Novice: 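Take a look at this one; I'll ask things after.
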Amino acid sequence: MPMLLPPDLRDWVPEDDFVHFVIQAVEQMPFSANAFDVNHRGTGSKQYQPRMMLALLVYCYAMGIFSSRRVERATYRDVAVRFLTGDTHPDHDTIAEFRRRNQRAFIEAFLHVLKLAREMGVLKVGTVSVDGTHLDANASKSKNVRYDRAVELEKQLRLDIEELVRKAEAADADETADGQTLPEELSRRERLLEKMREAQARLRARAEAQAAAEREAQMRKIAEYEARQATGPRRGPPPKPPENKGPEPTAQANMTDDDSRLMRKNRRAEYRQAYNAQAVVDADGSQLILAAHVTNCASDANQLEPALQGVDAAVGRPTAVLADCGYVNGDAMERLERDGYDLFIPVTAEAGNNQRRYDFRPPRDKQPRTVTDPRLVSMQTKMRGEEARRRYAKRKQTVEPVFGIIKSAMGFRNFRLRGLRRVSLEWTLTTLAYNVRRLYALSSKGAC
């Protein structure tokens, strides 16, 4: 990392400044040979050392600077950033390209920070809290189009294009007519027609993928049913195979970022174009994020397994898991308990609210949900115990402050990139920056 700086610039950065911790942390990371995606030919624009670029992004994200143009501006205006870059100034295109192409390096750096925390004695994986938060996508909900509306618009646009073509031919025959505006109108409608076709194709592909997943799940149910019939009394009709009806008329596709979805936090909140960002947080004191991923499913019901599977074995294996009632899924909970995880999940919202220090009384017109699944009944009984209530009380004070710091202290409330793959990359970088910031705070307090 280039550090050829004038002495006066070094003097401007205090010895205990956060930027020193970032530089040292990145310098100590043993990256693999192909961790960084760089131009080895040495041609094109000026190149910068990959570790310096990674440290620049980590520091800027931790300090609430996310836009590549703002990062470039900081290399001129921020003394700590100038110190980090060795008084060099990567342009915003270089910064944006490095961020897009180096997800592998971000993932390795994320793991190295957790290993460093273990070496420092800060991280001891045992009890973890799992939660998710909706973060706005870089798209507007007004850019959504329904499948039935896209079909209607395609038909209307075809008629408009045919009419414009006839007018254009008439204008060509008439030498006195002004035919300048017709090609522009024709081109605009053709572009819109292509977008409608693409939206329909995406919705059909999405419906087919969902139908394939349902068929696979249904085949498993049929196999289980036949196995039960062969060994026990014959009860009930066999499961029916799912029907592939194609896209629902109300299915929507976003013209800006089709991977994003309309989501809302609760029934009283408004719908927003967003992603669901998940995090597994150490609940034994460090509040470091052990794993993170992004989904475009608004519900958390199917996210507990992938969240826990994202915790690298080199960091440790969680023993106890705290999650709210949004993660209730009998099949997933059964599999996780079979794998040795001790789950603490309130089965209903009322049970979760009863963990608080005040009494919760549901509205008179809304009675608590009746639980009939034996697996959920067992969990419900478990959560009524004093020990389970005591352990579950740690959930809200461990994972929720993490999202609060990311959103308020760091200022990360929406994604800048588009598409699920790139959004996942940005969430990895954000959680990496949070972990470095948190580890710096723990080391400064003498926690290690």
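For reference, positions follow the sequence shown, starting with 1. Because the structure is predicted, anything quoted here is derived from the model rather than measured.
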Novice: Which residues pass the side-chain contact (heavy atoms from CB on, under 4.5 Å) test with T127, not counting sequence neighbours?
Specialist: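 In terms of side-chain contact (heavy atoms from CB on, under 4.5 Å), with neighbours along the sequence ignored, T127 is linked to A283, D284, A320, L322, R391.
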
Novice: Which heavy atom of I289 sits nearest to which heavy atom of T431, and what is that distance?
Specialist: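 Minimum heavy-atom contact is CD1-CG2, 3.7 Å.
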
Novice: Check whether any side-chain heavy atom of M333 lies under 4.5 Å from a side-chain heavy atom of R375, and answer yes or no.
Specialist: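 No; the side chains remain at least 4.5 Å from each other.
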
Novice: List the steps and the verdict of side chain to side chain contact (heavy atoms under 4.5 Å, CB included) for Q278 and D300.
Specialist: CA-CA 9 Å; Q278 298 284 317; D300 294 331; 2.8 Å; yes

Novice: Check whether any side-chain N or O of R261 sits under 3.5 Å from a backbone N or O of A298 as a donor-acceptor pair, and report yes or no.
Specialist: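 No, because the side chain of R261 does not come within donor-acceptor range (under 3.5 Å) of the backbone of A298.
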
Novice: For a quick test of reading the model, state the closest non-hydrogen atom pair linking V22 to A55 and the distance between them.
Specialist: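 In terms of heavy atoms, the two residues are closest at CG1-O, 3.7 Å.
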
Novice: Any pair with a residue in residues 398-426 that passes salt bridge (charged side-chain N to carboxylate O under 4.0 Å, His left out), sequence neighbours left out, goes on the list, sorted by first then second residue, please.
Specialist: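 Output for this query lists R395-E400.
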
Novice: Assign the ring pair W427 / F415 to parallel, tilted or perpendicular, where the plane angle (0 to 90°) is split at 30° and 60°.
Specialist: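 Plane angle over 60°, so perpendicular.
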
Novice: Under 3.5 Å, is there a donor-acceptor pair between the side chain of S378 and the main chain of P374?
Specialist: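 Side chain of S378 to backbone of P374, a donor-acceptor pair under 3.5 Å: no, none is there.
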
Novice: Ignoring hydrogens, what is the shortest heavy-atom contact between T398 and V402? Give both atom names and the distance.
Specialist: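 Closest approach of T398 to V402: O-CG2, 3.3 Å.
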
Novice: Kindly say whether L432 contributes a backbone atom to a donor-acceptor pair with the side chain of N435 at under 3.5 angstrom?
Specialist: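 No, because the side chain of N435 does not come within donor-acceptor range (under 3.5 Å) of the backbone of L432.
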
Novice: How many angstroms lie between atom CZ of R338 and atom CD of E334, to the nearest 0.5 angstrom?
Specialist: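 Separation between the atoms: 5.0 Å.
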
Novice: Check the surroundings of atom NZ in K143: do more than 12 heavy atoms from other residues, nucleotides or ligands lie under 6.0 Å from it?
Specialist: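 No, because the 6.0 Å sphere around NZ of K143 holds 12 heavy atoms or fewer from other groups.
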
Novice: Could you walk me through whether I406 and L135 pass side chain to side chain contact (heavy atoms under 4.5 Å, CB included), step by step?
Specialist: CA-CA 11 Å; I406 290 176; L135 294 173; 5.9 Å; no

Novice: Under the criterion side chain to side chain contact (heavy atoms under 4.5 Å, CB included), which of V315, V280, T319 is the partner of V125?
Specialist: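 Only one option passes, and that is V315.
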
Novice: Among residues two or more places apart or on two chains, list those pairs meeting ring-ring contact (aromatic ring centres under 6.0 Å, His included) that have a residue in residues 193-215.
Specialist: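 Applying ring-ring contact (aromatic ring centres under 6.0 Å, His included) to every pair that reaches into residues 193-215, excluding sequence neighbours, yields nothing.
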
Novice: Under the side-chain hydrogen bond (donor to acceptor under 3.5 Å, both in side chains) rule, collect the residues that match up with T381, sequence neighbours excluded.
Specialist: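 Not a single residue meets the side-chain hydrogen bond (donor to acceptor under 3.5 Å, both in side chains) criterion with T381.
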
Novice: How about K394 and F344: do any of their side-chain heavy atoms sit closer than 4.5 Å?
Specialist: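 Not in contact.
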
Novice: Salt bridge (charged side-chain N to carboxylate O under 4.0 Å, His left out): which pairs involve residues 112-129, sequence neighbours left out?
Specialist: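 Qualifying pairs: none.
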
Novice: Is it the case that the side chains of Q303 and H293 hold a donor-acceptor pair, with the cut-off being a distance below 3.5 Å and no angle test?
Specialist: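 Short answer, yes.
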
Novice: Taking the side chain from D91 and the backbone from T94, do they hold a donor-acceptor pair closer than 3.5 Å?
Specialist: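 Checking the backbone N and O of T94 against the side chain of D91, a donor-acceptor pair under 3.5 Å is found.
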
Novice: Under 4.5 Å between any side-chain heavy atoms of F36 and L54, yes or no?
Specialist: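 A side-chain contact exists here, since the closest heavy-atom pair is under 4.5 Å.
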
Novice: Are side-chain heavy atoms of N329 and L304 found at a separation under 4.5 Å?
Specialist: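 N329 vs L304: side chains apart.
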
Novice: Are the side chains of M379 and V328 in touch, meaning some heavy atoms are under 4.5 Å apart?
Specialist: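 No, every pair of side-chain atoms sits at 4.5 Å or beyond.
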
Novice: Could you tell me whether the side chain of T133 and the main chain of A277 form a donor-acceptor pair under 3.5 Å?
Specialist: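 Checking the backbone N and O of A277 against the side chain of T133, no donor-acceptor pair under 3.5 Å is found.
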
Novice: Rounded to the nearest 0.5 Å, how far does OG1 of T428 lie from CZ of F110?
Specialist: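 F110 CZ to T428 OG1: 7.5 Å, rounded to 0.5 Å.
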
Novice: Are any non-hydrogen side-chain atoms of L442 and S286 less than 4.5 angstrom apart?
Specialist: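 With C-beta onward as the side chain, the pair touches.
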
Novice: Do N296 side-chain atoms and S260 backbone N/O form a donor-acceptor pair below 3.5 Å?
Specialist: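 No, the answer is negative, given that no donor and acceptor are paired below the 3.5 Å cut-off.
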
Novice: What's the spacing between M53 CE and T88 OG1 if we round to 0.5 Å?
Specialist: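 Rounded to the nearest 0.5 Å, the CE-OG1 separation comes out at 8.5 Å.
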
Novice: At what distance, to the nearest 0.5 angstrom, does CE of M410 lie from SG of C60?
Specialist: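 Here the rounded value is 11.0 Å.
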
Novice: Take atom CZ of R69 as the centre, draw a 6.0 Å sphere, and report whether it contains more than 12 heavy atoms from other residues, nucleotides or ligands.
Specialist: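 Counting neighbours around CZ of R69, 12 or fewer heavy atoms of other residues, nucleotides or ligands fall under 6.0 Å, so no.
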
Novice: Go through the steps for F83 and D78 under the test side chain to side chain contact (heavy atoms under 4.5 Å, CB included), then give the verdict.
Specialist: CA-CA 9 Å; F83 175 79; D78 191 304; over 6 Å; no

Novice: Which pairs, with at least one residue in residues 435-444 and sequence neighbours excluded, count as a salt bridge (charged side-chain N to carboxylate O under 4.0 Å, His left out)?
Specialist: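 As it turns out, there is no salt bridge (charged side-chain N to carboxylate O under 4.0 Å, His left out) pair with a partner in residues 435-444 once direct neighbours are skipped.
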
Novice: Would you find a donor on one side and an acceptor on the other, under 3.5 Å apart, between the side chain of D136 and the backbone of N414?
Specialist: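 No; judged by distance alone, with no hydrogens or angles, the pair does not exist.
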
Novice: Decide side chain to side chain contact (heavy atoms under 4.5 Å, CB included) for M29 and R51; before the verdict, give the C-alpha distance in whole Å, the side-chain angles of both, and the deciding distance to 0.1 Å.
Specialist: CA-CA 9 Å; M29 293 179 182; R51 289 178 182 265; 4.2 Å; yes

Novice: Any donor-acceptor pair under 3.5 Å linking the side chain of H92 with the backbone of R73?
Specialist: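 Judged by distance alone, no pair lies under 3.5 Å.
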
Novice: Please answer whether the main-chain N or O of A105 pairs with a side-chain N or O of N102 as donor and acceptor at a distance below 3.5 Å.
Specialist: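 No, N102 side chain to A105 backbone: no donor-acceptor pair under 3.5 Å.
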
Novice: Classify the ring geometry of Y440 against F18: parallel below 30°, tilted from 30° to 60°, perpendicular beyond 60°.
Specialist: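 It falls in the tilted class, 30° to 60°.
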
Novice: I need the L425 CG to R99 CZ distance, nearest 0.5 Å.
Specialist: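 Between atom CG of L425 and atom CZ of R99 there are 8.0 Å.
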
Novice: Please give me the minimum heavy-atom distance between A117 and L439, naming the atom from each residue.
Specialist: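 For A117 and L439, the tightest heavy-atom pair comes out as CB-CD1, 3.9 Å.
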
Novice: Do D259 and V423 have side chains that get closer than 4.5 Å, going by heavy atoms?
Specialist: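 A side-chain contact under 4.5 Å is absent here.
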
Novice: To the nearest 0.5 Å, tell me how far N144 CG sits from D257 CG.
Specialist: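 One finds 10.0 Å between CG of N144 and CG of D257.
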
Novice: Does R317 make a cation-pi contact with Y341, if we ask for NZ or CZ under 6.0 Å from the ring centre and within 45° of the axis?
Specialist: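 Because its charged atom sits under 6.0 Å from the ring centre and within 45° of the axis, R317 does stack over Y341.
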
Novice: Please tell me if the side chains of T75 and P90 come closer than 4.5 Å, counting only heavy atoms from C-beta onward.
Specialist: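 Contact flag for T75/P90 side chains = yes.
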
Novice: Could you tell me whether a side-chain N or O of N276 sits under 3.5 Å from a main-chain N or O of C297, the two making a donor and an acceptor?
Specialist: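 Between the backbone of C297 and the side chain of N276 there is a qualifying donor-acceptor contact (under 3.5 Å).
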
